[in-house]
Undergrad: 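Quick one: structure below, then a few questions.
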Amino acid sequence: MTRDDKEMRTIYLPKTLYTERKVSGTALETTLLRWKMTFVFSSALGGITGLVGTVIGTLSLLRLLSDYHRVENFGTVLLVVAFPLLILAAHSIDKAHEAEKSMTMVRTGWNM
């Protein structure tokens with residue numbers, strides 16, 4: 001053996017040997033996110049329109065808005081719009097629960 005064979009060689013490696021790509025979520029994760037966002041927006045809008053419609057309706061009932069007939073009607077319209085939004089919020093939270101249950105089944109291997 002020669003001296004060159006015994007000599008250690010230094011190899012410099014980069015700090016990152018590989019890069020891991022961030023893959024977007026599965027279809028179930030996307031579905032869950034969409035239903036949760038639908039719940040947040042529909043419940044917020046339903047609550048706000050319901051409260052504003054109730055305040056306008058109360059003010060018109062107390063005859064504080066007697067000069068503004070269009071505003072009185074607007075309060076009623078807001079109350080009518082609030083109920084479908086709250087029903088949509090209830091529906092979307094049910095669908096989000098179903099998506100979570102499906103994700104758990106896929107994760108644990110209980111696919112049917």
Side-chain angles (χ1 to χ4, degrees):
M1 284 191 172
T2 63
R3 180 181 164 133
D4 291 331
D5 293 335
K6 294 180 184 178
E7 192 174 308
M8 287 182 60
R9 294 183 184 172
T10 305
I11 299 174
Y12 293 101
L13 297 174
K15 289 183 179 181
T16 306
L17 294 177
Y18 66 95
T19 56
E20 186 173 321
R21 290 186 185 184
K22 196 96 167 161
V23 180
S24 63
T26 63
L28 285 174
E29 290 172 347
T30 305
T31 302
L32 176 64
L33 180 65
R34 285 181 181 166
W35 281 118
K36 283 185 177 180
M37 294 305 292
T38 303
F39 167 72
V40 168
F41 288 126
S42 62
S43 63
L45 287 175
I48 290 169
T49 56
L51 287 175
V52 171
T54 301
V55 167
I56 292 174
T58 303
L59 291 176
S60 67
L61 186 64
L62 297 174
R63 302 284 184 211
L64 297 175
L65 298 175
S66 60
D67 295 336
Y68 307 102
H69 295 290
R70 290 186 181 183
V71 175
E72 291 177 358
N73 293 336
F74 188 65
T76 305
V77 169
L78 285 178
L79 282 173
V80 169
V81 168
F83 286 106
L85 285 171
L86 294 174
I87 290 170
L88 177 63
H91 175 70
S92 61
I93 200 69
D94 287 340
K95 288 294 189 176
H97 180 68
E98 286 179 16
E100 284 178 346
K101 193 191 293 186
S102 296
M103 286 174 59
T104 303
M105 290 176 68
V106 167
R107 211 175 307 134
T108 58
W110 283 87
N111 294 346
M112 293 185 182

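Basis for what follows: all heavy atoms, side chains included, without hydrogens, waters or symmetry-related copies.
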Undergrad: Just one of L65, T54, V71 clears the side-chain contact (heavy atoms from CB on, under 4.5 Å) bar with L59, so which one?
TA: L65

Undergrad: Out of curiosity, F74 CZ to L79 CG, how far, rounded to the nearest 0.5 Å?
TA: 11.0 Å

Undergrad: How long is the straight-line distance from CG of L85 back to CZ of F41, given to the nearest 0.5 Å?
TA: 13.0 Å

Undergrad: Please give me the minimum heavy-atom distance between G46 and A82, naming the atom from each residue.
TA: O-CB, 3.5 Å

Undergrad: Hey, is K95 close enough to E98 for a salt bridge, meaning N to O under 4.0 Å?
TA: yes

Undergrad: Mind listing the closest non-hydrogen atom pair of T49 and L78 along with its distance?
TA: O-CB, 3.7 Å

Undergrad: Between atom NE2 of H91 and atom CG of D94, what is the distance when rounded to the nearest 0.5 Å?
TA: 8.0 Å

Undergrad: Quick one: CD1 on I56 to CG on L64, what's the gap to the nearest 0.5 Å?
TA: 12.5 Å

Undergrad: Looking at CD1 of I93 and NE2 of H97, how far apart are the two atoms once the value is rounded to the nearest 0.5 Å?
TA: 9.5 Å

Undergrad: According to a hydrophobic-cluster definition based on side-chain heavy atoms being under 4.5 Å apart (Ile, Leu, Val, Met, Phe, Trp, Tyr only), do V55 and V52 belong together?
TA: yes

Undergrad: Would T26 and E29 count as a side-chain contact (heavy atoms from CB on, under 4.5 Å) if you check the C-alpha gap in whole Å, the side-chain angles of each, and the deciding distance to 0.1 Å?
TA: CA-CA 5 Å; T26 63; E29 290 172 347; 3.5 Å; yes

Undergrad: Identify the heavy atoms of S92 and S42 that sit nearest to each other, and give their distance.
TA: OG-OG, 4.3 Å

Undergrad: Hey, could you give me the CG/CG distance between L33 and L28, rounded to the nearest 0.5 Å?
TA: 12.5 Å

Undergrad: Determine, using the 4.5 Å side-chain heavy-atom cutoff (strictly less than), whether L45 and V77 are members of one ILVMFWY cluster.
TA: yes

